[in-house]
Amino acid sequence: RVQLVESGGGSVQAGGSLRLSCVASGFTFSTYCMGWFRQAPGKEREGIAAINIGRPTRYADSVRGRFAISRDNAKNTLFLQMNSLKPEDTAMYYCAARGCSFGWMPPTLPADYNYWGQGTQVTVSS
């Protein structure tokens, strides 16, 4: 059974940092594209970062230069380092997985992903 479990969320002040983790099980993690998504109240879920098995990454304009996605295939874990956080980053953050091919640019649309975690809340105060 596929499981994705996020952790690392919390409350921080603007300008602060958080590191999210997503531990995967039930599938061959190293062969999947992985993504981070977020959803604020009243807004649609948006893709903010994605990473392929071959390390190509993609970022939304809103987080590029502040967030960094990475993965540790030996530990079946996906990370999102978030720096210079802003109040508008407040949202529920989700990790997601989908099958992938080496060298693809990883997709960032929610509809492109098959498996989802339950999310971790990030709140940034001004």
Side-chain angles (χ1 to χ4, degrees):
R1 171 171 158 253
V2 172
Q3 277 195 303
L4 297 171
V5 181
E6 302 96 334
S7 63
S11 297
V12 295
Q13 290 192 323
S17 298
L18 284 173
R19 190 190 197 205
L20 305 184
S21 299
C22 171
V23 178
S25 61
F27 64 99
T28 307
F29 179 77
S30 61
T31 66
Y32 275 63
C33 281
M34 301 295 298
W36 283 102
F37 297 79
R38 67 185 181 188
Q39 188 167 18
K43 294 190 176 181
E44 292 187 353
R45 190 169 297 189
E46 63 168 335
I48 56 172
I51 186 167
N52 195 348
I53 49 181
R55 307 295 174 181
T57 56
R58 179 180 281 184
Y59 294 93
D61 290 343
S62 57
V63 305
R64 187 176 293 112
R66 299 188 298 124
F67 291 10
I69 188 171
S70 62
R71 63 193 299 164
D72 184 338
N73 290 336
K75 296 183 178 180
N76 288 357
T77 304
L78 178 73
F79 301 100
L80 185 68
Q81 178 66 44
M82 305 188 296
N83 299 325
S84 302
L85 283 160
K86 304 175 182 180
E88 51 264 44
D89 294 319
T90 295
M92 185 71 78
Y93 283 70
Y94 301 89
C95 68
R98 62 155 289 154
C100 210
S101 293
F102 190 88
W104 272 7
M105 280 303 288
T108 53
L109 291 176
D112 288 330
Y113 285 77
N114 307 110
Y115 305 114
W116 292 84
Q118 295 199 329
T120 185
Q121 177 68 36
V122 172
T123 303
V124 185
S125 58
S126 58

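This is a predicted model, so every value here is computed, not measured.
A cation-pi arrangement is present between Arg45 and Tyr94 under the rule of less than 6.0 angstrom and at most 45 degrees off the ring axis.
Between the OG atom of Ser70 and the CZ atom of Phe79 there is a distance of 6.0 Å, given to the nearest 0.5 Å. For the atom pair CD (Glu6) and SG (Cys22), the distance works out to 5.0 Å, reported to the nearest 0.5 Å. To the nearest 0.5 Å, the span separating CZ on Arg38 from CE on Met92 amounts to 14.0 Å. Distance CD/Gln121 to OG/Ser11: 7.5 Å, rounded to 0.5 Å. Taking CZ of Arg64 as the start and CZ of Arg66 as the end, the distance is 11.5 Å to the nearest 0.5 Å.
Under the 3.5 Å distance criterion, with hydrogens and angles disregarded, a donor-acceptor pair is assigned to the side chains of Asn83 and Ser17.
In this structure a side-chain-to-backbone donor-acceptor pair under 3.5 Å is present from Arg98 to Asp112. With hydrogens and angles disregarded, a donor-acceptor distance shorter than 3.5 Å links the side chain of Asn52 to the backbone of Trp104. Thr77 contributes a side-chain N or O that, together with a main-chain N or O of Lys75, makes up a donor-acceptor pair within less than 3.5 Å. Thr120 contributes a side-chain N or O that, together with a main-chain N or O of Gly9, makes up a donor-acceptor pair within less than 3.5 Å.
In plain terms, the two heavy atoms of Ala14 and Pro87 that are nearest each other are CB-CD, 4.1 Å. Shown here for Ala96 and Phe37, the closest heavy-atom pair between the two residues is CB-CE1, 3.8 Å.
Ion pairing between a basic and an acidic side chain is recognised when a charged N comes within 4.0 Å of a carboxylate O; Lys86 and Asp89 show no such pairing.
Arg19 pairs by the side chain to side chain donor-acceptor pair (under 3.5 Å) definition with nothing, not counting sequence neighbours.
Contact of the Pro106 side chain with the Pro56 side chain is registered, since non-hydrogen atoms from C-beta on lie closer than 4.5 Å. At least one side-chain heavy atom of Arg71 sits less than 4.5 Å from a side-chain heavy atom of Ile53.
Under a 4.5 Å side-chain heavy-atom cut-off, the cluster of Ile, Leu, Val, Met, Phe, Trp and Tyr residues that includes Tyr93 is completed by Val2, Leu4, Val12, Leu18, Leu20, Phe27, Phe29, Tyr32, Met34, Trp36, Ile48, Ile51, Tyr59, Val63, Phe67, Ile69, Leu78, Leu80, Met82, Leu85, Tyr115, Val122, Val124.
Surrounding CD of Gln118 are at most 12 heavy atoms belonging to other residues, nucleotides or ligands under 6.0 Å away.
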